[in-house]
Amino acid sequence: MTDDPFVAHRALLFTVAYEMLGSAADAEDVLQETWLRWADVDRSLVREPRAYLVRAVTRQSLNRLRSLSRSREDYVGQWLPEPLLTSPDVAEDVELAESVSIAMLTVLETLAPTERAVFVLREVFDLPYAEIAEAVGKSAAAVRQIAKRSREHVAARRPRVRVSRSEQEAVVERFLAALRTGRLQDLLEVMAPDVVMITDGGGVVAAALVPIHGAAAVAPVLARVRQVGDEHGTRAVWLNGTPAGRIEFDGAPTAISVEVAGGRVARIYVVRNPGKLTRLGEPARLAR
């Protein structure tokens, strides 16, 4: 049934749920729940299926996000979003690529559930305030205030300097080359002195439980990738709409995303939790 609105808008619905939850697995669960509810709806009463489905996914995502908040508080170590393999085409939509980046999703984790929903629906998908209000169960006036507050919150925490796709690719290439050599000097040259590295092992595999600050502390940790892993297992990939890396470390896949500033790596996100690395085989379909 390719003419079914749910099927036609599935990529959009997945993107909404993923941006709200930071987890592809949870986003898929939300889509499944939404589909079951959609199957029982009298379609003749639905004037705008796309808007109806976005509202339904938003409500389901909010319910899921609230139920997940406790488990994420109890998470072992640092919680990072689940990385998605994406095609280079996603980067062509600059706003979409930025909104699904690991850096942005990490910032969105600092918002309350309703604030996150309002921010995503307004700033990323440009939905009218009245429609957002219906989705989150607030008045349009309240949604305007929430949107303003969440926008200021995100602006204060997101990377202040945007870099071009070509610069991001060039720095990531240099970074991955340094990882392959494992030489401390190579790593120090490509990283900013005040670089921060966050690693997510979920208590399943080895990972730092707190962020590591400073190139002098980060470089020796990354040098182990070359010593323990296979240099040929380090390769460039597109994750969440930006150039990134996939490496083999201690015999297991690891996803690495970076923020770039001033021609150097300023922040490193390392996801090692095996449960979050199941989406690296096939590019995810994302849409706005």
Side-chain angles (χ1 to χ4, degrees), residues 2 4-32 50 53-54 57 61 80-108 120-121 123-126 158-159 162-177 179-180 200 232-248 252-260 265 267-288:
T2 55
D4 186 288
F6 184 93
V7 176
H9 298 300
R10 193 184 192 286
L12 164 68
L13 301 176
F14 174 82
T15 307
V16 171
Y18 175 70
E19 291 202 25
M20 285 189 58
L21 297 165
S23 163
D26 289 318
E28 289 290 0
D29 286 345
V30 163
L31 258 62
Q32 179 64 22
R50 179 182 184 276
L53 288 166
V54 168
V57 162
S61 296
L80 286 174
E82 181 180 347
L84 293 180
L85 184 68
T86 53
S87 69
D89 293 343
V90 173
E92 299 296 335
D93 185 336
V94 177
E95 291 185 1
L96 175 61
E98 182 182 8
S99 72
V100 298
S101 69
I102 296 296
M104 176 59 81
L105 292 174
T106 301
V107 171
L108 294 184
V120 168
L121 295 178
E123 299 300 314
V124 181
F125 298 97
D126 198 28
R158 75 199 305 179
R162 291 188 181 185
V163 300
S164 66
R165 171 174 164 177
S166 59
E167 181 181 356
Q168 178 87 12
E169 285 186 280
V171 174
V172 168
E173 186 176 324
R174 286 170 49 214
F175 178 63
L176 295 179
L179 280 179
R180 293 187 188 101
D200 177 347
H232 300 295
T234 300
R235 65 181 187 274
V237 294
W238 286 83
L239 297 178
N240 294 67
T242 60
R246 174 177 175 169
I247 67 174
E248 294 294 325
T254 297
I256 297 185
S257 296
V258 304
E259 290 178 34
V260 173
V265 172
R267 203 170 186 88
I268 306 170
Y269 303 96
V270 182
V271 180
R272 303 202 65 226
N273 184 344
K276 294 184 177 183
L277 299 172
T278 60
R279 292 296 184 122
L280 301 184
E282 182 178 350
R285 292 184 59 225
L286 303 174
R288 285 200 300 156

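Note that the structure is a prediction, hence the values are computed from the model and not measured.
The two residues Leu108 and Glu19 have their closest heavy-atom pair at CD1-O, 3.8 Å. Nearest heavy atoms, Ala97 versus Gly241: CB-O, 3.7 Å. Of all non-hydrogen atoms in Val30 and Ala17, the two that sit nearest each other are CG1-CB, 4.2 Å. The minimum heavy-atom distance linking Ser257 with Leu239 is given by the pair OG-CD1, 4.0 Å. When all heavy atoms of Thr15 and Val100 are compared, the pair lying nearest together is CG2-CG1, 4.4 Å.
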Q: Kindly indicate, with the supporting measurements, whether the criterion side-chain contact (heavy atoms from CB on, under 4.5 Å) is fulfilled by Val265 and Arg174.
A: CA-CA 10 Å; Val265 172; Arg174 286 170 49 214; over 6 Å; no
**Q.** Stepwise side-chain contact (heavy atoms from CB on, under 4.5 Å) check, Val172 with Val258
**A.** CA-CA 8 Å; Val172 168; Val258 304; 3.7 Å; yes
Q: Check the pair Tyr269, Asn240 against side-chain hydrogen bond (donor to acceptor under 3.5 Å, both in side chains), reporting the backbone distance first and the verdict last.
A: CA-CA 12 Å; Tyr269 303 96; Asn240 294 67; over 6 Å; no
Q. What's the verdict on salt bridge (Lys or Arg N to Asp or Glu O under 4.0 Å) for Glu28 and Arg279, showing C-alpha distance, side-chain angles and the deciding distance?
A. CA-CA 12 Å; Glu28 289 290 0; Arg279 292 296 184 122; 3.1 Å; yes
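Between Glu248 and Arg180 no salt bridge is recorded (no basic side-chain N to carboxylate O distance below 4.0 Å). Salt-bridge annotation for Arg272 and Asp200: absent, with no side-chain N of the basic residue lying under 4.0 Å from a carboxylate O of the acidic one.
Evaluation of the side-chain hydrogen bond (donor to acceptor under 3.5 Å, both in side chains) rule for Arg165 yields Glu92 as partners, not counting sequence neighbours. Scanning for salt bridge (charged side-chain N to carboxylate O under 4.0 Å, His left out) contacts around Arg288 gives Asp93, Glu95, with sequence neighbours left out. Qualifying salt bridge (charged side-chain N to carboxylate O under 4.0 Å, His left out) partners for Glu167, counting only residues two or more places apart in sequence or in other chains: none.
Counting only heavy atoms from C-beta outward, the side chains of Pro274 and Leu277 never approach each other to under 4.5 Å. Using a 4.5 Å cut-off on side-chain heavy atoms (C-beta onward), Arg10 and Val7 make no contact. Between Ser87 and Trp238 the shortest side-chain heavy-atom distance does not fall below 4.5 Å. Using a 4.5 Å cut-off on side-chain heavy atoms (C-beta onward), Ile268 and Ile256 make contact. Between Val271 and Thr254 there is no side-chain heavy-atom pair separated by less than 4.5 Å. The shortest side-chain heavy-atom distance between Thr278 and Glu82 falls under the 4.5 Å cut-off. Considering only heavy atoms from C-beta on, Val16 comes within 4.5 Å of Leu121 through its side chain. In this structure, the side chains of Phe14 and Leu84 come closer than 4.5 Å at one or more pairs of heavy atoms.
Rounded to the nearest 0.5 angstrom, Glu259 CD and Thr106 OG1 are separated by 8.0 Å. Interatomic distance, Leu12 CG to Leu53 CG, rounded to the nearest 0.5 Å: 9.0 Å. We find the CD-CG distance between Glu98 and Leu105 to be 11.0 Å, quoted to the nearest 0.5 Å. Taking OG of Ser164 as the start and CD of Glu169 as the end, the distance is 9.0 Å to the nearest 0.5 Å. Tyr18 OH to Leu286 CG: the interatomic distance, rounded to the nearest 0.5 Å, is 8.0 Å.
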